[in-house]
Amino acid sequence: MPTSPLASAATALQCDDVTEAPWAKLVPEDQWEILITGIDAIERAGINVLLGGALALATYTGHWRNTKDVDVLVHEGDRGRARDELQKAGFDDYYERQAYDRSWIFRGFKDGVIFDIISGLPNHRVEIDDQWFRRAHCITLHGRRFFVAPAEELVRMKLYVMQRERCDWVDVLNVLACTVGTLDWTWLIQRMGRDLALLQSVLALFNWMSAGRAREIPSWVRHRFALPEVEAEDLAAMEERRSRLLDSRPWFAPHQPSDQPLQL
């Protein structure tokens with residue numbers, strides 16, 4: 001059976017987390033079945049897979065958001081083979097229903113669910129390389145262990161998605177709020193490269209909205225990006241008010257019940 005060029009990188013990871021993620025029970029059964037069918041087909045060919053999209057977001061925030069599709073990430077060099085395996089497993093190409101840019105994604109479709117195989121971004125500034133797998137997070141869902149895109153790479157990827165019909169900065173703010181004390185800031189800054197100003201911009205927004213949480217950003221990072229100390233008698237109340245200024249609908253994960261799907 002053919003093996004992925006990243007097989008050694010992925011299998012070297014230790015997946016010791018056996019704690020069941022409580023939000024897994026919120027994933028609709030049809031999406032779960034399609035996820036397993038697709039991942040099984042791809043992994044049988046020796047291709048390493050990372051969970052992305054709503055599954056990765058829930059991994060770091062503890063909140064499930066139903067996007068009605070599933071996203072997995074593969075190495076840029078594996079997308080073609082992964083696509084072939086998915087089609088052998090009975091997935092149709094969603095291109096026949098709606099055209100899309102095939103240079104970075106394959107959209108499979110089966111039983112009413114979209115299964116996206118992603119190897120980068122349409123701007124080709126971010127590609128899924130070896131480091132994503134070497135730094136992957138491990139999670140247990142319904143008794144099965146999966147590798148998940150690293151939080152730092154999830155932030156980096158989503159910083160570039162800012163369109164009229166979709167902006168992923170909401171996801172970035174949610175991930176930052178829930179991982180600010182554990183992120184590898186050195187790594188994230190290094191990976192941003194010449195686009196570091198994007199990270200600086202979202203950190204300025206995060207510092208304004210969630211000043212209390214932002215105090216967990218290391219002092220050297222705060223100094224580098226000139227993040228001011230925000231003073232208030234009640235920082236939690238300030239966060240509540242300012243998050244609602246951005247969108248009055250329930251979007252900020254730390255303020256929402258974890259036993260119900262996020263609405264946005």
Side-chain angles (χ1 to χ4, degrees), residues 1-4 6-75 78-79 81-91 105-119 128 130-154 157 171 175 178-179 182 253 258-262:
M1 181 177 294
T3 59
S4 164
L6 292 180
S8 59
T11 55
L13 291 173
Q14 296 299 314
C15 191
D16 298 325
D17 185 0
V18 296
T19 304
E20 179 75 20
W23 53 264
K25 65 180 181 294
L26 299 177
V27 180
E29 185 175 347
D30 59 339
Q31 293 180 40
W32 179 255
E33 290 178 354
I34 291 299
L35 173 71
I36 297 304
T37 299
I39 286 183
D40 283 349
I42 295 171
E43 289 186 338
R44 278 196 297 268
I47 300 170
N48 296 305
V49 177
L50 300 176
L51 300 184
L55 293 161
L57 182 67
T59 296
Y60 297 111
T61 66
H63 290 72
W64 167 254
R65 185 184 64 200
N66 188 9
T67 58
K68 300 182 180 180
D69 62 3
V70 292
D71 295 343
V72 301
L73 311 176
V74 301
H75 192 280
D78 285 333
R79 189 182 71 249
R81 284 202 301 129
R83 173 203 62 211
D84 293 344
E85 296 304 322
L86 206 63
Q87 290 182 306
K88 290 177 185 177
F91 286 79
I105 188 173
F106 173 76
R107 310 205 77 186
F109 186 73
K110 184 179 176 68
D111 297 335
V113 178
I114 296 175
F115 186 104
D116 288 336
I117 300 175
I118 297 170
S119 63
I128 312 302
D130 298 23
Q131 298 297 341
W132 288 66
F133 294 86
R134 293 190 178 115
R135 302 175 68 88
H137 181 79
C138 180
I139 192 169
T140 301
L141 305 174
H142 294 303
R144 175 165 171 167
R145 298 178 188 181
F146 298 90
F147 290 118
V148 186
E152 296 82 5
E153 299 294 356
L154 191 64
M157 171 178 270
D171 292 349
V175 173
C178 298
T179 65
T182 59
S258 60
D259 61 348
Q260 299 176 24
L262 285 176

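Note that these values count all heavy atoms, side chains included, but never hydrogens, waters or copies made by symmetry. Numbers for residues simply follow the sequence, beginning at 1.
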Asks: Find the distance between CZ (Arg79) and CG (Leu73) and round it off to the nearest 0.5 Å.
Replies: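 Taking CZ in Arg79 and CG in Leu73, the distance rounds to 12.5 Å.
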Asks: What pair of heavy atoms forms the shortest contact from Leu86 to Gly108, and how long is it?
Replies: CD2-CA, 4.1 Å
Asks: To the closest 0.5 Å, what do you measure between CZ (Arg135) and CD (Glu153)?
Replies: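 Atom-to-atom, Arg135:CZ and Glu153:CD are 7.5 Å apart.
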Asks: Distance from Lys110 atom NZ to Glu33 atom CD, nearest 0.5 Å?
Replies: 10.5 Å
Asks: For a quick test of reading the model, state the closest non-hydrogen atom pair linking Ile128 to Val74 and the distance between them.
Replies: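 Reported closest heavy-atom pair: CB-O, 3.2 Å.
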Asks: A side-chain contact here means heavy atoms from C-beta on lying under 4.5 Å apart; do Val27 and Asn66 qualify?
Replies: no
Asks: List the steps, then state whether salt bridge (Lys or Arg N to Asp or Glu O under 4.0 Å) holds for Asp130 with Arg134.
Replies: CA-CA 6 Å; Asp130 298 23; Arg134 293 190 178 115; 3.6 Å; yes
Asks: Assert yes or no for the condition that the ring centre distance of Phe147 to Phe133 is strictly below 6.0 Å.
Replies: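 Ring centres of Phe133 and Phe147 not closer than 6.0 Å.
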Asks: Flag the pair His63 / Trp23 as yes when their ring centroid distance falls below 6.0 Å, and as no otherwise.
Replies: no
Asks: Could you walk me through whether Leu51 and Ile39 pass side-chain contact (heavy atoms from CB on, under 4.5 Å), step by step?
Replies: CA-CA 9 Å; Leu51 300 184; Ile39 286 183; 3.7 Å; yes
Asks: Hey, mind stepping through Gln260 and Trp64 against side-chain contact (heavy atoms from CB on, under 4.5 Å) and telling me if it holds?
Replies: CA-CA 8 Å; Gln260 299 176 24; Trp64 167 254; over 6 Å; no
Asks: Taking all heavy atoms of Ala21 and all of Leu141, pick out the closest pair and write down the distance.
Replies: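 Nearest heavy atoms, Ala21 then Leu141: CB-CD2, 3.6 Å.
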Asks: Give me the atom names and distance for the closest heavy-atom approach of Ala253 to Leu262.
Replies: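 For Ala253 and Leu262, the tightest heavy-atom pair comes out as CA-CD2, 4.0 Å.
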Asks: Would you name the heavy atoms of Gln31 and Asp69 that are closest together and state the gap between them?
Replies: OE1-O, 3.8 Å
Asks: Salt bridge between Arg144 and Asp40, side-chain N to carboxylate O under 4.0 Å?
Replies: yes
Asks: Run Phe115 and Phe109 through ring pair (Phe, Tyr, Trp, His ring centres under 6.0 Å) and show every step you take.
Replies: CA-CA 6 Å; Phe115 186 104; Phe109 186 73; over 10 Å; no
Asks: Are any non-hydrogen side-chain atoms of Glu20 and His142 less than 4.5 angstrom apart?
Replies: yes
Asks: Can you find a pair of side-chain heavy atoms, one from Ile117 and one from Ile42, that are under 4.5 Å apart?
Replies: yes
Asks: Before you tell me yes or no, could you show the steps for Arg65 and Asp171 under salt bridge (Lys or Arg N to Asp or Glu O under 4.0 Å), namely the whole-Å CA-CA distance, both residues' side-chain angles and the distance that decides it to 0.1 Å?
Replies: CA-CA 10 Å; Arg65 185 184 64 200; Asp171 292 349; 2.7 Å; yes
Asks: Give a yes or no on whether Lys25 atom NZ has more than 12 heavy-atom contacts from other residues, nucleotides or ligands under 6.0 Å away.
Replies: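 Atom NZ in Lys25 is crowded, with more than 12 foreign heavy atoms closer than 6.0 Å.
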Asks: Calculate, to the nearest 0.5 Å, the distance between atoms CD1 and CZ belonging to Ile105 and Arg83 respectively.
Replies: 13.5 Å
Asks: If we ignore hydrogens and angles and just use 3.5 Å, is the side chain of Asp116 paired with the main-chain N or O of Ile118 as donor and acceptor?
Replies: no
Asks: Starting from the C-alpha separation in whole Å, work towards a yes-or-no answer on side-chain contact (heavy atoms from CB on, under 4.5 Å) for Val49 and Glu43.
Replies: CA-CA 7 Å; Val49 177; Glu43 289 186 338; 4.1 Å; yes
Asks: As an exercise, state the distance from OG1 of Thr67 to CG of Leu55, rounded to the nearest 0.5 Å.
Replies: 7.5 Å
Asks: If you look at every heavy atom in Pro261 and Leu26, which pair is closest and at what distance?
Replies: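 The pair with the smallest heavy-atom distance is N-CD1, 4.0 Å.
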Asks: For the pair Val148 and Leu50, evaluate side-chain contact (heavy atoms from CB on, under 4.5 Å) and give the outcome as yes or no after the intermediate values.
Replies: CA-CA 5 Å; Val148 186; Leu50 300 176; over 6 Å; no
Asks: Taking Asp84 first and then Arg81, would you say they form a salt bridge - that is, a charged N and a carboxylate O separated by under 4.0 Å?
Replies: no
Asks: Working to the nearest 0.5 angstrom, can you tell me the gap between His75 NE2 and Trp132 CH2?
Replies: 11.5 Å
Asks: Main chain of Ala151, side chain of Tyr60: is a donor-acceptor contact present, judged purely on distance under 3.5 Å?
Replies: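 Looks like yes, one N/O pair under 3.5 Å.
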